[in-house]
Amino acid sequence: MVKAWPSSSAPDTGKGKSKRSKHITHGFHMVKGKSKHAMEDYLVSEFKQQNDAELGLFAIFDGHLGHDVANYLQNHLFENILKEPGIWTDTESAIKSAYSRTDDEILEKSFSLGKGGSTAVTAILKDGRKLIVANVGDSRAVICKNGVALQLSVDHEPSKEKRMIERRGGFVSNLPGDVPRVDGQLAVARAFGDKSLKLHLSSEPDVSILTIDKDVEFLILASDGIWKVLSNQEAVNSIKNIKDAQSAAKHLIGEALSRNSKDDISCIVVKFN
């Protein structure tokens, strides 16, 4: 598991591969944005063995109003997901339960973790064949299948979930020159943490389950610093001819920077060569 900002103990770029299948590799890269606050992204990018299964664990956590909630998610979300007894039999319900339990933990620890929050997009690859994607917020999971970009996650935008937010007693602002915001503050409709807005926010994830077949070429997980300036297909096209997963992740972030993305950017690429 990898922390967000570069230091002697926490690299901002790296790679790895499956032990069971030499054809599956992963790489990640992270770049701090132009804001004055510290880097608020964390990620997980690794393979691990659990019982008889090999699990690829991949996630992007994009914090806001501080990085403590994203850090907590990096250390605890997968642990909670894999503890769920129905994770392989009733997968969607199990992941929703783990997300809810983790959010409850964060809210209970708000005194130490602060008032901030985090989005999350997670992917579990079981034995190189079964891919489980879940997300809250606006980080995104996209696969390339036969050269075509397919989005596996849902962007939880306040304008799309206005009725749900209003049913919870909140409102969505839409001021000129700004993006829609929950209660005039947060630009996503779902997130972990954010205790002061929690009555009006959901942490329930959308879940997608996919079988990886020979037509799936690679998976991209990335924070919104990429998706604000690149479409899904543009992102896929920019790295489809790059064989090395780490080089692909670095190239994709470089492409976003060339288009003047100012946000923190985190990216994971998983190649099914």
Side-chain angles (χ1 to χ4, degrees), residues 4 33 35 37-44 58-81 95-123 133-141 151-174 178-208 221-228 263-266:
S35 60
H37 59 66
M39 176 70 154
E40 294 180 328
D41 287 7
Y42 282 72
L43 63 76
V44 175
F58 309 102
I60 302 284
F61 306 116
D62 185 353
H64 45 264
L65 295 179
H67 57 76
D68 288 337
V69 172
N71 184 16
Y72 188 90
L73 289 168
Q74 183 209 41
N75 292 319
H76 296 282
L77 183 54
F78 277 124
E79 177 185 349
N80 286 345
I81 290 172
I95 289 182
K96 288 182 177 181
S97 175
Y99 266 58
S100 177
R101 179 155 50 93
T102 306
D103 195 36
D104 288 344
E105 292 171 1
I106 290 168
L107 296 175
E108 289 171 3
K109 297 176 184 293
S110 61
F111 181 78
S112 58
L113 294 178
K115 63 181 181 179
S118 179
T119 67
V121 60
T122 60
V133 170
N135 82 293
V136 295
D138 55 3
S139 292
R140 193 179 294 177
Q151 185 170 328
L152 301 182
S153 58
V154 175
D155 294 347
H156 294 130
E157 300 172 5
S159 58
K160 294 179 180 178
E161 304 200 11
K162 182 177 179 181
R163 289 185 180 179
M164 181 191 73
I165 293 164
E166 290 175 345
R167 283 198 303 268
R168 289 169 166 257
F171 68 92
V172 175
S173 65
N174 195 6
D178 194 13
V179 297
R181 296 180 182 273
V182 178
D183 295 353
Q185 299 178 57
L186 190 63
V188 289
R190 303 191 194 188
F192 287 95
D194 294 296
K195 187 172 184 177
S196 64
L197 298 174
K198 192 84 275 178
L199 289 175
H200 308 153
L201 285 177
S202 171
S203 61
E204 181 176 336
D206 281 282
V207 180
S208 298
L221 297 184
S223 58
D224 64 330
I226 281 180
W227 309 117
K228 285 177 180 176
D263 202 355
D264 298 338
I265 310 177
S266 301

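Computed from a predicted structure; not experimentally measured. Just so it is clear, the values below take in all heavy atoms, side chains as well, and ignore hydrogens, waters and symmetry mates.
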Requested in this report: Kindly write out the residues that satisfy ring-ring contact (aromatic ring centres under 6.0 Å, His included) with Phe61, not counting sequence neighbours, or none if the list is empty.
Outcome: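 Result, ring-ring contact (aromatic ring centres under 6.0 Å, His included) vs Phe61: none returned.
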Report task. Go through the steps for Ile106 and Leu73 under the test side chain to side chain contact (heavy atoms under 4.5 Å, CB included), then give the verdict. Result -> CA-CA 9 Å; Ile106 290 168; Leu73 289 168; 3.8 Å; yes
Is the shortest heavy-atom distance from the side chain of [X] to the side chain of [Y] under 4.5 Å?
X: Arg140; Y: Asp155; result: yes
X: Val154; Y: Arg190; result: no
X: Ser100; Y: Glu204; result: no
X: Asp138; Y: Trp227; result: no
X: His67; Y: Met39; result: no

Which distance, rounded to the nearest 0.5 Å, do you find between the [atom1] of [X] and the [atom2] of [Y]?
X: Ile60; Y: Asp264; atom1: CD1; atom2: CG; result: 11.5 Å
X: Asn75; Y: Thr102; atom1: CG; atom2: OG1; result: 11.5 Å
X: Asp194; Y: Asp103; atom1: CG; atom2: CG; result: 9.0 Å
X: Arg168; Y: Lys198; atom1: CZ; atom2: NZ; result: 8.0 Å
X: Leu201; Y: His156; atom1: CG; atom2: NE2; result: 11.5 Å
X: Glu40; Y: His64; atom1: CD; atom2: NE2; result: 8.5 Å

Query - Candidates Asn135, Asn80, Thr122 - the one meeting side chain to side chain donor-acceptor pair (under 3.5 Å) with Tyr99 - result: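 In the set Asn135, Asn80, Thr122, the residue that makes a side chain to side chain donor-acceptor pair (under 3.5 Å) with Tyr99 is Thr122.
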Report task. Could you list the residues that satisfy side chain to side chain contact (heavy atoms under 4.5 Å, CB included) with Asp68, not counting sequence neighbours? Result ->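 Applying side chain to side chain contact (heavy atoms under 4.5 Å, CB included) to Asp68 gives Leu113.
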Query raised in the report: Of all residues at least two apart in sequence or in a different chain, which pass the side chain to side chain contact (heavy atoms under 4.5 Å, CB included) check with Lys228?
Result: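 Partners of Lys228 under the side chain to side chain contact (heavy atoms under 4.5 Å, CB included) test: Asp224, Asp263.
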Over all heavy atoms of both residues, which pair between [X] and [Y] is shortest? Give the atoms and the distance, please.
X: Gly184; Y: Ser173; result: CA-OG, 3.3 Å
X: Ala141; Y: Val133; result: CB-CG1, 3.7 Å
X: Ser223; Y: Ser139; result: CA-OG, 3.4 Å
X: Met164; Y: Ala189; result: CE-O, 4.3 Å
X: Gly193; Y: Leu107; result: O-CD2, 3.9 Å
X: Ser266; Y: Leu43; result: CB-CD2, 4.4 Å

